[in-house]
Number of protein chains: 2
Amino acid sequence: MSSGTPGRDAPERRPALTRGRIVRAAIGLIEREGADALSMRRVAAELGVAVMSLYNHVPNKGALLEGVAEHVVSGMELQDDPSAPWQERVRALVRAFRTVAHEYPRCMTIVLTRRFDTTVGLRPAERALALAEAAGFDGVTAVRIMRALMAYALGAQMREIGFGKMLHHLDTSPAENFAKLDAATFPHVIALGPELARHDPEADFEFGLDLLVGALEALPRARSAR
Amino acid sequence: MSSGTPGRDAPERRPALTRGRIVRAAIGLIEREGADALSMRRVAAELGVAVMSLYNHVPNKGALLEGVAEHVVSGMELQDDPSAPWQERVRALVRAFRTVAHEYPRCMTIVLTRRFDTTVGLRPAERALALAEAAGFDGVTAVRIMRALMAYALGAQMREIGFGKMLHHLDTSPAENFAKLDAATFPHVIALGPELARHDPEADFEFGLDLLVGALEALPRARSAR
DNA sequence: ACCTGAACACCGTTCAAGT
DNA sequence: ACCTGAACACCGTTCAAGT
């Protein structure tokens, strides 16, 4: 009758309800059923508690979403090789966001939408600023570089998972859908149809990243790179 | 007793209910009160009709949101000067997205989140591909350039309106908040605090755009630019 | 300090009924 | 073809009551 867990005394069946457990349950629910399926009631059911119990650890649903965004962002693994050239370290930083975005694909809309003000969001910013300085850029430029890199990291993901689906009807069955396009207004889209239908998000991502890093290399610097 | 409108016969007080009127009412509501305030019931009330009347023109709320996204994107003004150098035409294209994003700031999360499959979304894609070809790039490269430009356009906006607020607590009262940061883990953020607190989204946007366009100029081309 | 059930004011959407 | 009210199954959150 003994289960795998050390059941002696069995003081409490479930671990204590905490903000962390609530946030993780929410993330699991979102990844399994999508962001629309998230409700306080569903999360409570998942954890086997009454709805109102959640409110002892989270002030409201907005705060829960904030917690989800924070948790995802804090999952960014910002490993760094200080001996590598700054170009490669920049690439690694931007890729780190892409990696976490792939880990929590359905949570991304929340991350991209909800604002939160924990310091976890500052970690990638700090890293980007540090790298820009290592590359020899002055402070003003470093801030702008950080913002451009963040814009690309966010946008590349956004385009890949959501807005890219602007071309949604081209994806499913290209041949049929391209036929419906007006040849006069969309000549290039039609001509490049096969290429547009092909999906290599990795290559697309790296292409844009190369553009940016290359542009940074060409940018005049205050000091020479370390 | 005659009002400004030509009231003779006064055949119907309100214009007919259409998908267009519903979408525009939704957009107005979102811009006035935020995306969370949008509900079928609120839209119906706004238009002075019963909730269920909406369902004669829109299958469900998701489709309404799709309509909102479409309407906003179709508002992109893609004027073009074919005699201008392609670099400037590319800039104008990317700026067009930024402009519409500023026109409907609170609708942007929906545009960036909802997928829709009308051809309006293909207009900027077609333009980007045309410009890339005019610049002398081959088809495969043109598609990748288009995607990189879209990623930046989306991300720059995203960062400015939402995720940028990751640094939210730095914005409000910099001095006080920077003091709370751990000096050992965020040295650059702290050192560049004043610069981070300064807001010139226009300059930030143009900086990143310059990086990308400059990178395109440096990219090897199949043919010389027209 | 934490948990809970009942209640309230909202949702989106189905259905059956009207014109 | 379009509109409508009632009803259903859900929401988030307040409140008062428990331990």
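Atom set for the values below is all heavy atoms of this structure, side chains included, hydrogens, waters and symmetry mates excluded. Reminder, nothing fancy here: chain letters follow the sequence lines and each chain counts from 1.
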Going by salt bridge (Lys or Arg N to Asp or Glu O under 4.0 Å), name the residues that satisfy it together with [X], two or more places apart in sequence or in a different chain.
X	value
A/Glu126	none
B/Glu31	none
B/Asp200	none
A/Arg123	none

Which nucleotide in [options] has an atom nearest any side-chain atom of [X]:
X	options	value
A/Ser39	D/dC11, C/dG12, D/dT13	D/dC11
A/Leu17	C/dC3, C/dT4, C/dC11	C/dC3
A/Val49	D/dT4, C/dT4, C/dG12	C/dT4
A/Asn56	D/dC2, C/dA7, C/dC3	C/dC3
B/Lys61	D/dT4, C/dT13, D/dT13	C/dT13
B/Ser53	D/dC3, D/dT13, C/dT13	D/dC3

In whole angstrom, what separates [X]'s [atom1] from [N]'s [atom2]?
X	N	atom1	atom2	result
A/Met40	D/dC10	CE	P	18 Å
B/Leu54	D/dT4	CG	C1'	12 Å
A/Ile22	C/dC2	CD1	P	11 Å
A/Arg42	D/dA9	CZ	P	17 Å
B/Asn60	C/dC11	CG	P	17 Å

Here DNA chain C, pairs taken as Watson-Crick or G-U under 3.5 Å and shown with ( ), [ ] when crossing and | when to another strand, reads ||.|||||...|||||.||
For the residue pair A/Arg98 and A/Phe205, would you count it as a cation-pi contact if the rule is NZ or CZ under 6.0 angstrom from the ring centre and within 45 degrees of the ring axis?
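Output yes; distance and angle both within limits.
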Once side-chain hydrogen bond (donor to acceptor under 3.5 Å, both in side chains) is applied, what residue pairs with a partner in residues 41-53 of chain B remain, sequence neighbours excluded?
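Applying side-chain hydrogen bond (donor to acceptor under 3.5 Å, both in side chains) to every pair that reaches into residues 41-53 of chain B, excluding sequence neighbours, yields B/Arg32-B/Glu46, B/Glu33-B/Arg42.
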side-chain contact (heavy atoms from CB on, under 4.5 Å) against A/Thr109, all qualifying residues, sequence neighbours excluded:
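With sequence neighbours excluded, A/Thr109 shows a side-chain contact (heavy atoms from CB on, under 4.5 Å) to A/Ala35, B/Thr113, given in chain and number order.
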What pairs with A/Ala92 under side-chain contact (heavy atoms from CB on, under 4.5 Å), at least two apart in sequence or on another chain?
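Testing A/Ala92 for side-chain contact (heavy atoms from CB on, under 4.5 Å), a comparison that skips the adjacent residues, returns none.
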Is B/Glu206 salt-bridged to B/Arg95, cutoff N-O under 4.0 Å?
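Judged by the 4.0 Å cut-off on N to carboxylate O distance, B/Glu206 and B/Arg95 do form a salt bridge.
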Using side chain to side chain donor-acceptor pair (under 3.5 Å) as the criterion, list what pairs up with A/Glu195, not counting sequence neighbours.
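Applying side chain to side chain donor-acceptor pair (under 3.5 Å) to A/Glu195 gives A/Arg198.
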Does anything in residues 29-37 of chain A reach DNA chain D, meaning a heavy atom under 4.0 Å, and if so which residues?
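Contacting residues: none.
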Using the closest heavy atom to pick a nucleotide of DNA chain C for each, name whichever of B/Leu38 or A/His57 lands nearer the 5' end.
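Its nearest nucleotide being more 5', the pick is A/His57.
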Quiz: residues 57-69 of chain B side-chain donor-acceptor pairs under 3.5 angstrom, not counting sequence neighbours:
{"from": "B/His57", "atom 1": "NE2", "to": "B/Leu17", "atom 2": "O", "distance (Å)": "2.9"}
{"from": "B/Asn60", "atom 1": "OD1", "to": "B/Gly62", "atom 2": "N", "distance (Å)": "3.2"}
{"from": "B/Asn60", "atom 1": "OD1", "to": "B/Ala63", "atom 2": "N", "distance (Å)": "2.9"}
{"from": "B/Lys61", "atom 1": "NZ", "to": "B/Leu38", "atom 2": "O", "distance (Å)": "3.3"}

What nitrogen or oxygen pairs link the protein and nucleotides 14-19 of chain C at under 3.5 Å?
none

How close do A/Leu112 and A/Met158 get, heavy atom to heavy atom, and via which atoms?
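For A/Leu112 and A/Met158, the tightest heavy-atom pair comes out as CD1-CE, 3.2 Å.
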